[in-house]
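Source: prediction; values computed, not measured.
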Amino acid sequence: MGVIRGSSYYSIVDGPSWTEAEEQSQNLGGNLVSISNSAENQFISTSFKDENKGYYEGEADQDIYWIGLTKESGSWAWTNGSSLDFVNWGPLEPYEDSGINDRAEITVEAHGGPWLQSAGNWNNNSDIISPLGRYGIAEIPLSYFSISDTTIKEGESGD
């Protein structure tokens, strides 16, 4: 499933690693999603909350997706180069350790636990901590698509 918001198309991509999900996003003409404000964060949560994608069998590990936020050289940055003006870390996040958890993920459906208690919360994670991985959410500029792409479902109108 894919949805449109403003000038972007959003779609779930395979991982399982954060790097593989980013590569899949780039192959589609974009990057893992960069979330610029609370309205976009809510749109992502609402749009993908019932997809129930996960590499783990447990319900608590479904609907958690890689996003394009990564920590390099000690600072968090979006892979598409946009400025980091908005964050929505869950309680006690991001957990700062020795740099192992240098990738971000979003939960689009609340499941309980500390950072999972609210849809839209972010967590820092890594392939080491979640070895089975995650799916990702890609954001592709609409300028990449042609009019013949007919499997797109329209969401919000443009900004």
Practice prompt. Mark yes or no for whether Glu51, through its side chain, and Phe48, through its backbone, hold a donor-acceptor pair below 3.5 Å.
Written response: no
Discussion item. Could you measure the distance from the CD atom of Glu20 to the CG atom of Asn27? Nearest 0.5 Å is fine.
Written reply: 11.5 Å
Worksheet item: If you take all heavy atoms of Asn41 and Gly120, which pair is closest and at what distance?
Response: ND2-O, 3.0 Å
Worksheet item: Is it true that the side chains of Trp78 and Asn31 contain a donor and an acceptor less than 3.5 Å apart?
Response: no
Worksheet, complete the sentence: Looking only at heavy atoms, the pair that brings Trp89 and Asn123 closest together is CZ3-C, 3.6 Å
Worksheet item: Do side-chain atoms of Asn124 reach the backbone of Ala104 as a donor and acceptor pair under 3.5 angstrom?
Response: no
Worksheet entry | Heavy-atom donor-acceptor pair, Asn125 side chain to Glu105 backbone, under 3.5 Å | no
Discussion item. If we ignore hydrogens and angles and just use 3.5 Å, is the side chain of Ser126 paired with the main-chain N or O of Ile128 as donor and acceptor?
Written reply: yes
Fill in: Gln62 side, atom CD; Lys49 side, atom NZ - distance, nearest 0.5 Å
15.0 Å
Worksheet item: Between Glu22 and Gln26, is any side-chain donor less than 3.5 angstrom from a side-chain acceptor?
Response: yes
Worksheet item: Do any N or O atoms from the side chain of Trp18 and from the backbone of Ile67 form a donor-acceptor pair under 3.5 angstrom?
Response: yes
Practice prompt. Measure the spacing between NZ of Lys53 and CD1 of Ile64 and express it to the nearest 0.5 Å.
Written response: 15.0 Å
Item to complete: Measure the shortest side-chain to side-chain distance between Tyr56 and Ser130 over non-hydrogen atoms and say whether it is less than 4.5 angstrom.
Response: yes
Discussion item. Just so I know, are the side chains of Trp122 and Ile35 near enough to count as touching, which here means a heavy-atom distance under 4.5 Å?
Written reply: yes
Worksheet item: Can you tell me if Ser118 uses its side chain to pair, donor with acceptor, with the backbone of Asn121 under 3.5 Å?
Response: no
Item to complete: Look up atom CG in Asp63 and atom CZ in Arg134, then write down how far apart they are to the nearest 0.5 Å.
Response: 10.5 Å
Practice prompt. For residues Tyr65 and Val108, report the shortest heavy-atom separation together with the two atoms involved.
Written response: CE1-CG2, 3.6 Å
Fill in: Atom of Trp76, atom of Leu69 and distance for their closest heavy-atom approach
CE3-CG, 3.6 Å
Worksheet entry | Nearest-0.5 Å distance, CG of residue Asp127 to OG1 of residue Thr19 | 6.5 Å
Practice prompt. With rounding to the nearest 0.5 Å, note down the distance linking CZ in Phe43 to CD1 in Ile4.
Written response: 8.5 Å
Practice prompt. Verify, without hydrogens or angle tests, whether Ser7 (side chain) and Leu142 (backbone) share a donor-acceptor contact under 3.5 angstrom.
Written response: no
Discussion item. Would the distance check show the side chain of Glu139 and the main-chain N or O of Ser34 forming a donor-acceptor pair, the cut-off being under 3.5 Å?
Written reply: yes
Discussion item. Looking at every heavy atom in both Ile140 and Leu28, which two are closest together, and how far apart are they?
Written reply: CG2-O, 3.4 Å
Worksheet entry | Side-chain (Thr107) to main-chain (Glu109) donor-acceptor, under 3.5 angstrom | yes
Worksheet entry | Side chains of Ile106 and Asn88 in contact at under 4.5 Å (non-hydrogen atoms) | no
Worksheet item: Would Tyr135 and Asp14 satisfy side chain to side chain contact (heavy atoms under 4.5 Å, CB included), going step by step from the backbone distance to the final call?
Response: CA-CA 5 Å; Tyr135 287 84; Asp14 288 332; 3.1 Å; yes
Worksheet item: Run the side chain to side chain contact (heavy atoms under 4.5 Å, CB included) check on Glu40 and Val33 step by step: do they pass?
Response: CA-CA 10 Å; Glu40 184 177 18; Val33 64; 4.2 Å; yes
Item to complete: Check Ala119 against Ser45 and note the closest heavy-atom contact, atom names and distance.
Response: C-OG, 3.9 Å
Practice prompt. For the pair Tyr10 (side chain) and Ser47 (backbone), establish whether a donor and an acceptor sit closer than 3.5 Å, ignoring hydrogens and angles.
Written response: no
